[in-house]
Amino acid sequence: MSKEITPRSEDYSKWYNDLILKAGLADYSAVRGCMVIKPYGYALWENMRDVLDKKFKETGHENAYFPLFVPKSLFEAEEKNAEGFAKECAVVTHYRLKNDPNNPGKLIVDPEAKLEEELVVRPTSEAIIWNTYKGWIQSYRDLPILINQWANVVRWEMRTRLFLRTAEFLWQEGHTAHATEEEAIVETKQMINVYADFAENFMAMPVIQGVKSANERFAGAEDTYTIEALMQDGKALQSGTSHFLGQNFAKAFDVKYITKDNKPEYVWATSWGVSTRLIGALVMAHSDDQGLVLPPKLAPIQVVIVPIYKGEESKAIIDAKATEIMKNLKDKGIKVKYDNDDQSRPGWKFAEYEMKGVPVRMALGARDLENNVVEVARRDTKEKNVLSLDQIEAQIETLLSDIQNNIFNKAKTFRDENIVEVNDWDTFVKTLDEKGGFISAHWDGTPETEEKIKEMTKATIRCIPLNNKQENGACILTKNPSTQRVLFARAY
RNA sequence: CGGGAGGUAGUUCAGCUCGGUAGAAUACUUGGUUUGGGACCAAGGGGUCGCAGGUUCGAAUCCUGUCCUCCCGACCA
């Protein structure tokens with residue numbers, strides 16, 4: 001069949017692309033670097049979005065929506081932020097097309113319709129949002145502002161990869177304003193915790209929480225907190241970030257509030273986001289050469305029932321039983337699909353749902369009905385078991401939970417096996433080349449050293465883990481004194 | 001932006017070296033037989049060969065230009 005995917009061992013990136021395309025998550029589009037998210041991929045995003053949205057609301061945030069376009073003068077207000085994003089901005093310069101007089105049927109940009117001021121298509125929304133917050137904040141009574149928006153952003157990346165880095169992507173961005181530094185820092189940490197909890201308990205993807213080095217920090221932030229995950233090929237993936245923005249944006253947009261003591265004070269800010277990149281992370285974290293492996297908590301379909309019948313009469317009987325099982329599972333809140341499509345045969349369906357990563361498959365045939373059993377296959381281990389149809393709902397519920405735990409543990413074991421402490425340069429380089437993974441090593445704390453290491457090895461500091469153990473040591477490269485280890489890796 | 005690969009049927013690709021009526025597999029349509037791991041038989045439909053020029057009696061094939069996509073790198077979430 002044409003639906004085979006390239007094995008990971010042969011070509012990891014080809015495997016990844018094959019998987020996305022053949023599992024029906026996304027397609028390439030006519031636009032460079034932009035992809036079409038297909039219904040199955042979008043369903044996955046919706047599930048992620050719903051869980052996150054609930055968590056944001058539980059932590060006191062509200063959703064709002066700000067414009068796609070940012071006037072250039074606003075965009076450039078916060079210098080570091082502007083500088084950081086400038087080289088990847090799409091810019092709107094005109095607002096009208098007209099017929100090409102020299103080429104009938106074709107359109108040209110109407111030179112008469114040049115904008116007074118260019119509009120930047122948002123690569124992130126701090127500028128437009130802080131310009132707005134200025135009008136909303138006068139007193140300490142107006143604080144905090146805790147807002148999130150679900151949106152698309154555009155970053156004109158030189159090289160793109162499905163989900164991991166696309167020119168346009170979907171994300172959420174939280175933007176909060178606080179009266180005190182302390183409160184803003186608490187918020188920043190709270191949100192990275194929300195992300196870590198989501199990654200581990202829903203995506204079943206273990207992450208390391210930490211702080212970015214100055215080089216890797218978000219443009220315009222005082223501190224960037226990150227969750228870092230490890231992919232199966234040994235490369236790290238930054239999966240979510242939460243920024244403490246200090247008073248940088250408040251100063252840039254002149255956002256002050258009057259304190260209880262009637263003194264003007266700049267507002268403290270945070271911003272935090274995760275994107276459709278998480279889908280790429282999810283794919284790479286668990287999937288295998290047969291296709292996707294999805295965590296039950298996020299899978300668009302948790303259980304698929306495949307009927308196996310001979311003739312119409314047998315089909316009718318199995319239909320009846322399968323429909324009953326489906327109803328009972330649905331009553332338990334389980335997402336079930338009963339695939340009684342007569343156009344494809346069971347074997348084809350088995351392969352297809354494995355490709356799509358459906359966690360549990362039930363195969364129900366006449367033979368099973370006679371014995372009051374059903375064949376249940378789990379996607380993660382590919383184990384098949386014949387289970388009694390009595391209390392099947394409870395058994396499936398347990399199984400789904402087992403699968404969720406199992407794929408998390410598997411990913412965690414892999415991750416833990418791939419964090420190594422390294423104390424000398426040769427081993428550092430050798431480990432990167434041969435094994436990949438996170439390397440815990442001493443660093444002298446200077447941006448120059450980090451830059452040099454990056455140039456020499458392509459490895460960057462992924463983060464300085466939170467609650468990092470303090471110990472004296474010597475920098476892996478310069479041998480200068482160091483007080484703690486940081487995590488290095490090659491990253492996506 | 002540098003390097004590489006590519007654009008021919010819905011899809012994957014062959015054909016190009018050496019110019020001569022556009023091919024395969026798969027998918028699709030119809031009919032039949034099937035259904036416990038990607039079914040089988042029969043018939044059928046489907047492509048201005050990325051685009052624009054040029055050479056030629058004749059171009060998917062040769063030449064020039066151009067657009068686009070993917071992969072690797074630099075940049076980045």
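Chain letters run A, B, ... following the sequence lines, proteins first, then strands; residues in each count from 1. None of the values given here were measured: they were computed from a predicted structure.
Comparing the C1' positions of B:G44 and B:G50 gives an interatomic distance of 30 Å, to the nearest angstrom. Rounded to a whole angstrom, the distance from the P atom of B:U55 to that of B:G10 is 32 Å. Across B:G58 and B:G19, the matching C1' atoms stand 8 Å from one another, rounded to whole Å. As rounded to the nearest Å, B:U29 and B:G45 have C1' atoms that lie 7 Å from one another. Here, B:G37 and B:G20 have their P atoms 48 Å apart, quoted to the whole Å. Rounded to a whole angstrom, the distance from the P atom of B:A22 to that of B:A9 is 14 Å. A distance of about 28 Å separates the C1' atoms of B:G15 and B:G3, rounded to the whole Å. Between the C1' atoms of B:A77 and B:U61, the separation comes to 45 Å (whole Å).
For the salt bridge (charged side-chain N to carboxylate O under 4.0 Å, His left out) condition, the pairs that include at least one residue of residues 271-298 of chain A, sequence neighbours left out, are A:Arg8-A:Asp289, A:Asp288-A:Arg379, A:Asp288-A:Lys382. Residues in residues 302-318 of chain A take part in these salt bridge (charged side-chain N to carboxylate O under 4.0 Å, His left out) pairs, two or more places apart or across chains: A:Lys315-A:Asp319.
Counting any heavy atom pair closer than 4.0 Å across all strands shown, A:Thr160 reaches sugar-phosphate atoms only and no base atom. Within the nucleic acid shown, A:Glu157 comes within 4.0 Å of at least one base atom, counting heavy atoms only. Within 4.0 Å (heavy atoms only), A:Ser13 reaches sugar-phosphate atoms of the nucleic acid but no base atom. Using a 4.0 Å heavy-atom distance criterion, A:Leu237 is classed as making no nucleic acid contact. Contact annotation for A:Val386: no contact, since no heavy-atom pair falls under 4.0 Å across all strands. No contact: A:Lys349 has no heavy atom under 4.0 Å from any strand.
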Side chains of residues 76-89 of chain A: which donor-acceptor partners sit under 3.5 Å, not counting sequence neighbours?
from	atom 1	to	atom 2	distance (Å)
A:Glu78	OE1	A:Lys80	N	3.2
A:Glu78	OE1	A:Asn81	N	2.8
A:Asn81	ND2	A:Ala219	O	2.9

Which donor-acceptor pairs under 3.5 Å do the side chains of residues 25-41 of chain A make with protein atoms, sequence neighbours left out?
from	atom 1	to	atom 2	distance (Å)
A:Ser29	OG	A:Val31	N	3.0
A:Ser29	OG	A:Val31	O	3.2
A:Ser29	OG	A:Cys34	O	2.5
A:Arg32	NH1	A:Met158	O	3.2
A:Arg32	NH2	A:Glu157	O	2.6
A:Tyr40	OH	A:Lys356	O	2.7

Contacts table for residues 383-390 of chain A: side-chain donor-acceptor under 3.5 angstrom, sequence neighbours left out:
from	atom 1	to	atom 2	distance (Å)
A:Glu383	OE1	A:Thr381	OG1	3.1
A:Ser388	OG	A:Asp390	N	3.0
A:Asp390	OD1	A:Asn372	ND2	3.2

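Partners of A:Glu324 according to the side-chain contact (heavy atoms from CB on, under 4.5 Å) rule, which considers only residues two or more places apart in sequence or in another chain, are A:Lys321, A:Asn328. For A:Thr241, the side-chain contact (heavy atoms from CB on, under 4.5 Å) partners at least two apart in sequence or on another chain are A:Thr224, A:Thr226, A:Gln238, A:His243.
Defined by atom type and a distance below 3.5 Å, a donor-acceptor pair is present between the side-chain atoms of A:Gln149 and A:Ser125.
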- Could you walk me through whether A:Asn201 and A:Asp197 pass side-chain hydrogen bond (donor to acceptor under 3.5 Å, both in side chains), step by step? CA-CA 6 Å; A:Asn201 293 318; A:Asp197 175 64; 2.5 Å; yes
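The partner of B:G47, taking Watson-Crick or G-U wobble pairs whose two distances both stay under 3.5 Å, does not exist in any strand shown. Shown here, B:C1 forms a base pair with B:G73; the pair counts as Watson-Crick or G-U wobble because both key distances fall under 3.5 Å. Partner assigned to B:G37 is none, using Watson-Crick or G-U wobble distances below 3.5 angstrom. Figure legend. B:A52 is base-paired to B:U64; pairs are counted as Watson-Crick or G-U wobble with both atom distances under 3.5 Å. Figure legend. B:A25 is base-paired to B:U11; pairs are counted as Watson-Crick or G-U wobble with both atom distances under 3.5 Å.
Straight-line distance from the NZ atom of A:Lys14 to the C1' atom of B:G6: 13 Å, rounded to whole Å. In this entry the distance linking CD of A:Gln238 with P of B:C75 reads 15 Å, nearest Å. A:Asp18 places its CG atom 11 Å from the P atom of B:C71, with the value rounded to the nearest Å. At whole-Å resolution of the value, OH in A:Tyr28 and P in B:G7 are 16 Å apart. One can place CG of A:Asp339 at 16 Å from P of B:G38, the figure rounded to the nearest angstrom. Atom CG of A:Leu164 and atom P of B:C71 are 11 Å apart (whole Å). Rounded to whole Å, the distance from CG on A:Leu162 to C1' on B:C71 is 12 Å. B:G38 atom P lies 19 Å from atom CG of A:Asp289, rounded to whole Å.
Toward the 5′ end of RNA chain B lies the nearest nucleotide of A:Lys384, the other residue of the pair A:Lys384 and A:Thr166 mapping further downstream. Nearer the 5' end of RNA chain B, as judged by each residue's closest nucleotide, is the contact made by A:Arg32, out of A:Arg32 and A:Phe169.
In terms of modelled atom types and a separation under 3.5 Å, the side chain of A:Glu228 and the main chain of A:Ile208 share no donor-acceptor contact.
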- Note on the structure: Under a 4.0 Å heavy-atom criterion, the protein footprint on nucleotides 30-36 of chain B, written with B, S and -, is ----BBB
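Between A:Asn17 and B:C70, a side-chain N or O to OP1/OP2 separation shorter than 4.0 Å is absent.
Taken residue by residue, residues 449-463 of chain A places heavy atoms nearer than 4.0 Å to RNA chain B at A:Lys454, A:Lys458.
With respect to A:Asp233 and A:Lys235, no salt bridge is recorded, no charged nitrogen being found less than 4.0 Å from a carboxylate O. Contact check on A:Arg361 versus A:Glu354 returns a salt bridge, with a Lys/Arg side-chain nitrogen under 4.0 Å from an Asp/Glu carboxylate oxygen.
Judged by distance alone, with hydrogens and angles left aside, A:Arg159 brings no side-chain donor or acceptor close enough to the base of B:G2 to form a pair under 3.5 Å.
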